[in-house]
Amino acid sequence: MSNCAIVGINWGDEGKGRMVDLLTCDHDIVVRYQGGGNAGHTVVNELGKFALHRLPSDSFREGVGNVLGTGVALDCESLWTEIQDVAAKGVAVTPENLKISDRASLLLPWHRDLDALEEQRLADKKYGSTKQGIAPFYSDKFQKKTVMAGELLYPDKLREHLAGILEWKNLTLERVYGAKPYTMADLEAWIQAYGEKIRPFLCDTSRFLRQAQAEGKSLLFEAQLGSLRDLDYGIYPYTTSSNAIAAYAPVGSGLPTAKLDKVVGVVKAYSSCVGEGPFTCEWHGEQAERLREAGGEYGAKTGRPRRVGPIDIVATRYGVQCQGATDIALTKLDVLSYLDEIPICARYALHGQQTDQFPFPAVLPDAEPVMTAMPGWKCDISGVRTWEDLPQAARDYVEYVEREIGCHITYVSVGPERDSIIIR
Ligand code: GDP
């Protein structure tokens with residue numbers, strides 16, 4: 001029995017989904033422990049290409065159990081849509097292979113409205129929300145103004161609880177934003193349409209996971225987004241509204257006593273970032289366009305072009321430290337094959353001094369990248385499967401990154417397919 005967390009080291013979209021898909025064969029249960037539908041994992045396997053936003057990335061392998069833990073933002077409406085989408089591609093998600101924590105809180109219809117209304121109010125100062133309702137959801141959860149999923153099992157108590165929250169929430173909708181209030185009938189209809197669909201999946205996942213560990217089963221925890229978007233340790237306020245770091249995995253899973261034996265930090269061979277906020281090593285113009293095209297850097301959820309740049313050693317080292325990574329998976333190395341030279345952001349210049357330390361968020365926008373470069377390899381490496389077969393220049397790049405970030409690069413990914421991987 002060995003528990004593992006797969007986490008993003010940077011701003012998200014590092015390729016966590018493909019690593020979960022690869023590593024689940026060594027685990028019995030995959031658990032998502034935070035976040036909601038505001039990010040997507042892309043998995044390519046023998047059944048096709050899947051962009052998953054809420055389901056764990058291994059809803060595909062037979063015999064693997066999937067859990068949505070207490071820490072997720074449970075959006076019944078979009079989860080049900082996603083379950084139906086994968087069903088249309090031949091993947092059956094049933095209460096047998098998906099367990100949802102009865103202690104997960106519900107993302108309610110007004111959370112999405114409030115997200116959009118607030119971004120609209122902020123106009124050019126907006127945070128770049130995906131408008132999935134995540135920030136309003138988590139703030140309500142911490143204000144104790146939403147309901148737990150398990151309340152769907154007790155309809156009378158649920159209605160009474162919702163009626164109280166409805167009255168309070170309409171004050172904000174109407175008086176702050178001038179928006180249309182909700183009625184109890186709206187909520188009844190929403191429960192019928194979506195809550196009822198999710199009800200059969202609910203269970204006491206703490207008990208389920210405790211029992212699984214007692215039987216010697218191993219858990220794989222799957223994060224959404226990356227270290228730099230973590231609410232406490234990221235580039236606040238351009239963070240997500242939950243904790244994406246590995247330390248939160250046991251808490252958000254429903255099994256707070258779970259031990260992590262391995263933390264695989266996923267790092268992309270270059271940088272990408274969706275949404276607003278400081279992104280020190282950002283490229284613009286043609287240079288950015290070529291990298292974006294080469295890497296297919298368009299949001300899995302929104303389709304919007306991602307901001308891109310070279311690898312950022314300062315941010316990556318910080319991300320590794322936040323996660324306590326034991327192993328690194330370096331993904332998309334194949335994407336850099338077109339470059340004559342591989343540019344690297346090695347340090348930052350901040351207020352007249354060079355630094356290796358990731359700055360405090362308030363001064364991060366003042367940082368400038370200090371660049372270096374290494375020779376490119378200029379050949380297709382997507383078919384390479386062993387370390388020895390990788391061109392010397394590519395090996396040098398991997399070893400340089402490894403040295404600088406202070407963590408062993410165990411996996412080098414050279415393509416999106418399950419087997420496009422070099423294990424060191
Ligand atoms: P996640 O949210 O961290 O799972 O990342 P995304 O799914 O947003 O982004 C990863 C994208 O890159 C997906 O489209 C993957 O199929 C793809 N991908 C993952 N690893 C590799 C790789 O090594 N090479 C290439 N070319 N694509 C990859």
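Both counts, for ligands and for their atoms, begin at 1 and track the order of listing. All values reported here derive from a predicted model rather than from experimental measurement.
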query = Can you find an N/O atom of T331 closer than 3.5 Å to an N/O atom of ligand 1?
reply =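 Between T331 and ligand 1 (N or O atoms, distance only) the closest approach is not under 3.5 Å.
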
key: ligand 1 to G15 polar contact by distance, N or O atoms, under 3.5 Å   =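 Yes, at least one N or O pair falls under 3.5 Å.
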
T316 and N10 side chains, donor-acceptor separation under 3.5 Å =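 Checked: N10/T316 side chains pair up, N/O donor to acceptor below 3.5 Å.
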
inquiry  = With no hydrogens and no angle check, just 3.5 Å: does a side-chain donor-acceptor pair link R347 and T355?
reply    =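 Short answer, no.
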
Which atoms of ligand 1 have any heavy atom of [X] under 4.0 Å away?
| X | result |
| --- | --- |
| P416 | 16 (O), 18 (N), 21 (C), 22 (C), 24 (N), 25 (C), 26 (N), 27 (N), 28 (C) |
| R18 | 19 (C), 20 (N) |
| G415 | 20 (N), 21 (C), 22 (C), 23 (O), 24 (N), 25 (C) |
| V414 | 23 (O), 24 (N) |
| S413 | 20 (N), 21 (C), 22 (C), 23 (O) |

ask   = How would you list, by chain and number, every residue that makes a side chain to side chain donor-acceptor pair (under 3.5 Å) with T410, sequence neighbours excluded?
value =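 Result, side chain to side chain donor-acceptor pair (under 3.5 Å) vs T410: D327, H408.
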
key: ring-ring contact (aromatic ring centres under 6.0 Å, His included) partners of residues 308-351, not counting sequence neighbours, each pair once   =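 Pairs touching residues 308-351 that pass the test: Y318-F358.
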
request  = For ligand 1, indicate whether the residue R306 contacts it via side chain, backbone, both or neither (heavy-atom separation under 4.0 Å).
outcome  =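 The answer is the side chain of R306.
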
message = Applying a heavy-atom cut-off of 4.0 Å, say which part of D334 lies close to ligand 1: side chain, backbone, both or neither.
response =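 Side chain only; the backbone of D334 stays clear of ligand 1.
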
ask   = Do W80 and Y194 have ring centres separated by under 6.0 Å?
value =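 Not close enough - the centres of the two rings lie 6.0 Å or further apart.
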
request  = Please work out whether the ring planes of W11 and F279 are parallel, tilted or perpendicular, with thresholds of 30° and 60°.
outcome  =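 W11 and F279: perpendicular rings.
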
ask   = Using the ring of each side chain (for Trp, its six-membered ring), is Y248 parallel, tilted or perpendicular to Y33, with breaks at 30° and 60°?
value =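 Aromatic pair Y248/Y33 classed tilted.
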
ask   = Looking only at non-hydrogen atoms, which of G17, A329, S337, S272 approaches atom 4 (O) of ligand 1 most closely?
value =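 The residue whose heavy atom sits nearest atom 4 (O) of ligand 1 is G17.
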
